[in-house]
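Taking it in order: structure first as structure tokens, then the write-up.
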Amino acid sequence: MAKFDFTEAAVKGYTFVWKNRQEISRLSILPLLVKLGAYAGIALLGLESNFLRQGLILLPAYFLEGFLIAQVIRMALFGEHPNLSVPDSRRRDILGGAVAYLLTKLMVSLLSGWMMVAEKVEDSPAMPEPQGSVMMTAIMIF
């Protein structure tokens with residue numbers, strides 16, 4: 001069975017980031033500013049406890065984060081550095097990675113919001129038992 005050396009992988013990752021720190025920091029300025037703006041909007045609108053709406057407000061930030069992550073992964077795996085004239089296949093790969101990241105983050109927001117709603121439902125008082133006439137009417141409608 002093949003063994004994976006986590007220490008060696010971490011060292012290679014940190015070495016890559018350190019060698020390309022200027023380029024990575026230049027690429028990360030816009031996603032960072034958009035994310036800070038989105039969090040400021042969440043704070044101003046008072047949506048700290050509403051994860052579903054937070055996911056919608058953070059949508060542009062998630063997309064730019066995904067773009068950054070996909071670009072850095074391509075830099076690490078293929079040695080490609082970002083420039084303005086890129087082939088269509090590379091552009092599609094980066095866009096696909098950004099969209100996959102975006103959808104993953106939206107699913108996390110959805111599940112967080114769902115858990116929050118389920119928690120509120122559990123805390124609410126139980127509904128009274130339905131009466132016979134209401135039950136018969138519901139059965140007849142179905």
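Scope of the values below: all heavy atoms of this structure, side chains included, with no hydrogens, waters or symmetry mates. Bear in mind the structure is a predicted one, so any value in this text is a computation, not a measurement. Numbering of residues begins at 1 and proceeds along the displayed sequence.
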Same cluster (ILVMFWY, side-chain, under 4.5 Å), [X] and [Y]:
X: I42; Y: Y62; answer: yes
X: F78; Y: I73; answer: yes
X: L77; Y: I69; answer: yes
X: L56; Y: W114; answer: no

Report yes if the side chains of [X] and [Y] come closer than 4.5 Å at any heavy-atom pair, otherwise no.
X: Y101; Y: L68; value: no
X: F67; Y: L95; value: no
X: M75; Y: L27; value: yes
X: K35; Y: L64; value: no
X: L106; Y: L110; value: no

Practice item. Under the ring-ring contact (aromatic ring centres under 6.0 Å, His included) rule, what do Y14 and F16 come out as? Steps first, then yes or no, please. Key: CA-CA 5 Å; Y14 283 121; F16 167 77; over 10 Å; no

Measure the spacing between [atom1] of [X] and [atom2] of [Y] and express it to the nearest 0.5 Å.
X: S112; Y: N50; atom1: OG; atom2: CG; answer: 11.5 Å
X: H81; Y: Q71; atom1: NE2; atom2: CD; answer: 10.0 Å
X: E65; Y: K105; atom1: CD; atom2: NZ; answer: 6.0 Å

**Study point:** Heavy atoms from other residues, nucleotides or ligands near CD of Q22 exceed 12 (cutoff 6.0 Å)
**Key:** no

Review point. Between M115 and F51, does a side-chain contact (heavy atoms from CB on, under 4.5 Å) hold up when you go through it step by step?
Key: CA-CA 10 Å; M115 297 289 274; F51 294 113; over 6 Å; no

Exercise for review: Kindly determine whether R91 and I94 satisfy side-chain contact (heavy atoms from CB on, under 4.5 Å), including the steps that lead there.
Suggested key: CA-CA 5 Å; R91 191 175 300 133; I94 292 171; over 6 Å; no

Review point. Which pair of non-hydrogen atoms, one from A98 and one from A70, has the smallest distance, and what is that distance?
Key: N-CB, 4.3 Å

**Study point:** E48 backbone acceptor or donor facing Q54 side chain under 3.5 Å
**Key:** yes

Practice item. Go through the steps for D93 and R90 under the test salt bridge (charged side-chain N to carboxylate O under 4.0 Å, His left out), then give the verdict. Key: CA-CA 5 Å; D93 293 343; R90 182 174 160 198; over 6 Å; no

Exercise for review: Evaluate the side-chain contact (heavy atoms from CB on, under 4.5 Å) criterion for residues I57 and Y39: first the C-alpha distance (whole Å), next the side-chain angles of each, then the deciding distance (0.1 Å), finally the verdict.
Suggested key: CA-CA 8 Å; I57 291 175; Y39 277 124; over 6 Å; no

